[in-house]
Q: 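Sharing a structure with you now.
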Amino acid sequence: MAKNVKDLLAEANGAVPKLSPAEAVEKIRSGDVLVVDVRDPTEVQQTGRIKGAVNVSRGMLEFRADPESQYHNPVFQKDKTILLHCASGGRSALAGKTLQEMGYTTVFNIGGFKDLAEAGIDTEPV
């Protein structure tokens, strides 16, 4: 049977651990993590980004994360802890499941940008 977005999100949310904004702030401050913002560039330009985050739109994630791809971004390392966020947490959950399927082992969904900014995470304009 075909899946719908609700099914895909339920699977992703079941597979990818979700951190609260406070837990995300703590992990980021501890260092040695890659924060990936999977929002579209226009969204990031409107609101800014988490300081030091890499913006890779959801549609380009597989290409940037695959070392065999000509579009690979070397910041993606399979042994690195990856924290994903978007505007509300849906795209970051789907992105996390995709990265797990690609062999990334320590992947977390940290939810939506607004909640993270309100929790005191350092942000910067783009």
Side-chain angles (χ1 to χ4, degrees):
M1 181 174 3
K3 295 179 183 178
N4 61 29
V5 73
K6 185 177 176 182
D7 298 330
L8 294 170
L9 282 170
E11 285 179 15
N13 284 320
V16 180
K18 175 113 188 246
L19 299 180
S20 71
E23 291 169 323
V25 168
E26 187 176 310
K27 248 197 205 309
I28 290 168
R29 289 187 178 148
S30 74
D32 200 32
V33 298
L34 173 62
V35 180
V36 180
D37 183 339
V38 296
R39 296 177 297 160
D40 291 336
T42 54
E43 293 174 273
V44 177
Q45 287 183 344
Q46 291 171 356
T47 62
R49 66 176 174 204
I50 292 174
K51 192 170 186 177
V54 174
N55 177 229
V56 177
S57 64
R58 177 66 190 92
M60 286 300 295
L61 181 70
E62 293 86 345
F63 299 98
R64 299 285 189 239
D66 183 354
E68 302 298 316
S69 168
Q70 66 179 342
Y71 302 107
H72 179 248
N73 184 334
V75 299
F76 283 90
Q77 299 294 318
K78 292 190 178 180
D79 59 348
K80 189 125 183 143
T81 297
I82 299 178
L83 308 178
L84 296 146
H85 79 86
C86 59
S88 64
R91 286 175 287 178
S92 51
L94 295 170
K97 186 164 186 304
T98 297
L99 288 178
Q100 287 175 338
E101 291 169 353
M102 293 179 75
Y104 288 83
T105 56
T106 313
V107 179
F108 296 93
N109 179 1
I110 61 171
F113 178 79
K114 183 179 178 207
D115 293 336
L116 294 163
E118 288 174 358
I121 222 160
D122 293 332
T123 62
E124 61 188 1
V126 178

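This is a predicted model, so every value here is computed, not measured.
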Q: Between Ile82 and Val36, is any pair of side-chain heavy atoms under 4.5 Å apart?
A: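 Ile82 vs Val36: side chains touch.
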Q: How close do Val38 and Cys86 get, counting heavy atoms only, and between which atoms?
A: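 What the structure gives for the nearest pair is CG2-CB, 3.8 Å.
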Q: Got a salt bridge between Glu23 and Lys27, using NZ or NE/NH1/NH2 to carboxylate O under 4.0 Å?
A: no
Q: Look up atom CD1 in Ile110 and atom NZ in Lys18, then write down how far apart they are to the nearest 0.5 Å.
A: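 Taking CD1 in Ile110 and NZ in Lys18, the distance rounds to 10.0 Å.
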Q: Other than Val126, what residues sit in its cluster of Ile, Leu, Val, Met, Phe, Trp and Tyr side chains whose heavy atoms are under 4.5 Å apart, directly or through others?
A: Val44
Q: Please indicate whether Lys51 has more than 12 foreign heavy atoms, meaning atoms of other residues, nucleotides or ligands, lying under 6.0 Å from its NZ.
A: no
Q: Locate the shortest heavy-atom distance separating Ala117 from Thr123; write the atom from each residue and the value.
A: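 Taking Ala117 first and Thr123 second, the nearest heavy atoms are CB-CG2, 4.1 Å.
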Q: I want to check something: taking the side chain as every heavy atom from C-beta on, are Arg39 and Thr47 in contact at a cut-off of under 4.5 Å?
A: yes
Q: Only one of Leu9, Leu8, Asn13, Val16 forms a side-chain contact (heavy atoms from CB on, under 4.5 Å) with Lys97, so which one is it?
A: Val16
Q: With rounding to the nearest 0.5 Å, note down the distance linking NZ in Lys80 to OH in Tyr104.
A: 12.0 Å
Q: Donor-acceptor pair, Arg58 side chain versus Ser92 backbone, under 3.5 Å?
A: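 No, because the side chain of Arg58 does not come within donor-acceptor range (under 3.5 Å) of the backbone of Ser92.
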Q: Identify the residue among Leu34, Val35, Val107 that makes a side-chain contact (heavy atoms from CB on, under 4.5 Å) with Leu83.
A: Val35
Q: Mark yes when over 12 heavy atoms from residues, nucleotides or ligands other than Glu26 sit less than 6.0 Å from its CD; otherwise mark no.
A: no
Q: Considering non-hydrogen atoms only, spot the tightest contact between Leu61 and Ala95 and give its length.
A: CD2-CB, 3.4 Å
Q: Can you see which heavy atom on Gly89 is nearest to which on Asn109, and at what distance?
A: O-ND2, 3.1 Å
